[in-house]
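Residue numbers count from 1 along this sequence.
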Amino acid sequence: MKELVKLIAMSLVDHPEEVVVNETEKEDTIVLELKVATDDMGKVIGKQGRIAKAIRTVVKAAASKEEKKVVVDIQ
């Protein structure tokens with residue numbers, strides 16, 4: 001999951017070297033914290049949050065096999 005989010009984010013931003021994804025796991029939830037450069041924040045979120053929503057949808061679909069809830073937190 002972590003690699004998937006990192007790959008998607010790196011393809012969207014101008015500074016892919018500054019993309020960092022931290023994964024923490026609690027009981028039945030996986031939290032993925034995505035950090036990007038300040039200049040790239042708008043590219044990851046998109047107009048009205050459309051790109052962020054799309055990233056969350058793709059990750060949720062990939063996580064359906066594990067039967068765990070996945071939360072993508074963009075910072």
Side-chain angles (χ1 to χ4, degrees):
M1 229 55 69
K2 180 179 177 178
E3 294 81 18
L4 176 63
V5 173
K6 188 170 185 173
L7 179 69
I8 293 170
M10 288 177 75
S11 65
L12 293 171
V13 298
D14 289 333
H15 306 288
E17 67 278 356
E18 294 188 36
V19 174
V20 177
V21 180
N22 295 319
E23 183 175 356
T24 53
E25 193 168 341
K26 301 173 186 173
E27 298 176 14
D28 61 340
T29 305
I30 299 172
V31 179
L32 298 170
E33 294 177 354
L34 172 61
K35 295 180 184 178
V36 296
T38 309
D39 298 343
D40 294 328
M41 189 63 75
K43 292 178 180 167
V44 174
I45 295 173
K47 289 186 179 179
Q48 297 180 352
R50 288 187 182 141
I51 294 175
K53 185 176 179 182
I55 292 171
R56 290 182 177 114
T57 302
V58 169
V59 171
K60 185 177 179 182
S64 65
K65 292 180 181 178
E66 296 180 23
E67 297 192 15
K68 289 190 174 185
K69 182 179 177 185
V70 178
V71 177
V72 179
D73 185 21
I74 300 171
Q75 301 176 348

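Scanning for side chain to side chain contact (heavy atoms under 4.5 Å, CB included) contacts around Met10 gives Lys6, Pro16, Val19, with sequence neighbours left out. Residues satisfying the side chain to side chain contact (heavy atoms under 4.5 Å, CB included) test with Glu25, not counting sequence neighbours, are Ile30, Lys68. Under the side chain to side chain contact (heavy atoms under 4.5 Å, CB included) criterion, Leu4 pairs with Ile8, Val58, Val59, Ala62, not counting sequence neighbours. With sequence neighbours left out, the salt bridge (Lys or Arg N to Asp or Glu O under 4.0 Å) criterion links Lys43 to Asp14.
The CG atom of Asp73 sits 10.5 Å away from atom CG of Asn22, with the distance rounded to the nearest 0.5 Å. Put simply, CG on Asp39 and NE2 on His15 are 5.0 Å apart, with the number rounded to the nearest 0.5 Å.
The salt bridge (charged side-chain N to carboxylate O under 4.0 Å, His left out) pairs that include a residue from residues 44-59 number zero, where partners must be two or more places apart or lie in different chains. Each salt bridge (charged side-chain N to carboxylate O under 4.0 Å, His left out) pair with one or both residues in residues 26-35, not counting sequence neighbours, would appear here, but there are none.
Between Leu32 and Glu23, some side-chain heavy-atom pair lies under the 4.5 Å cut-off. Contact annotation: the side chain of Met41 approaches that of Val36 to within less than 4.5 Å [non-hydrogen atoms, C-beta and beyond].
Closest approach of Ile74 and Ala52 over heavy atoms only: CD1-CB, 3.6 Å.
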Criterion side chain to side chain contact (heavy atoms under 4.5 Å, CB included) on Leu12 and Ile55, from CA distance to verdict: CA-CA 11 Å; Leu12 293 171; Ile55 292 171; 4.1 Å; yes

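No more than 12 heavy atoms of other residues, nucleotides or ligands lie within 6.0 Å of CD in Glu67, so this atom counts as exposed by the packing criterion. The number of heavy atoms from other shown groups lying within 6.0 Å of CD (Gln48) does not exceed 12.
Val21 and Ile51 fall within the same hydrophobic cluster, defined by Ile, Leu, Val, Met, Phe, Trp and Tyr side-chain heavy atoms under 4.5 Å apart, directly or through other members.
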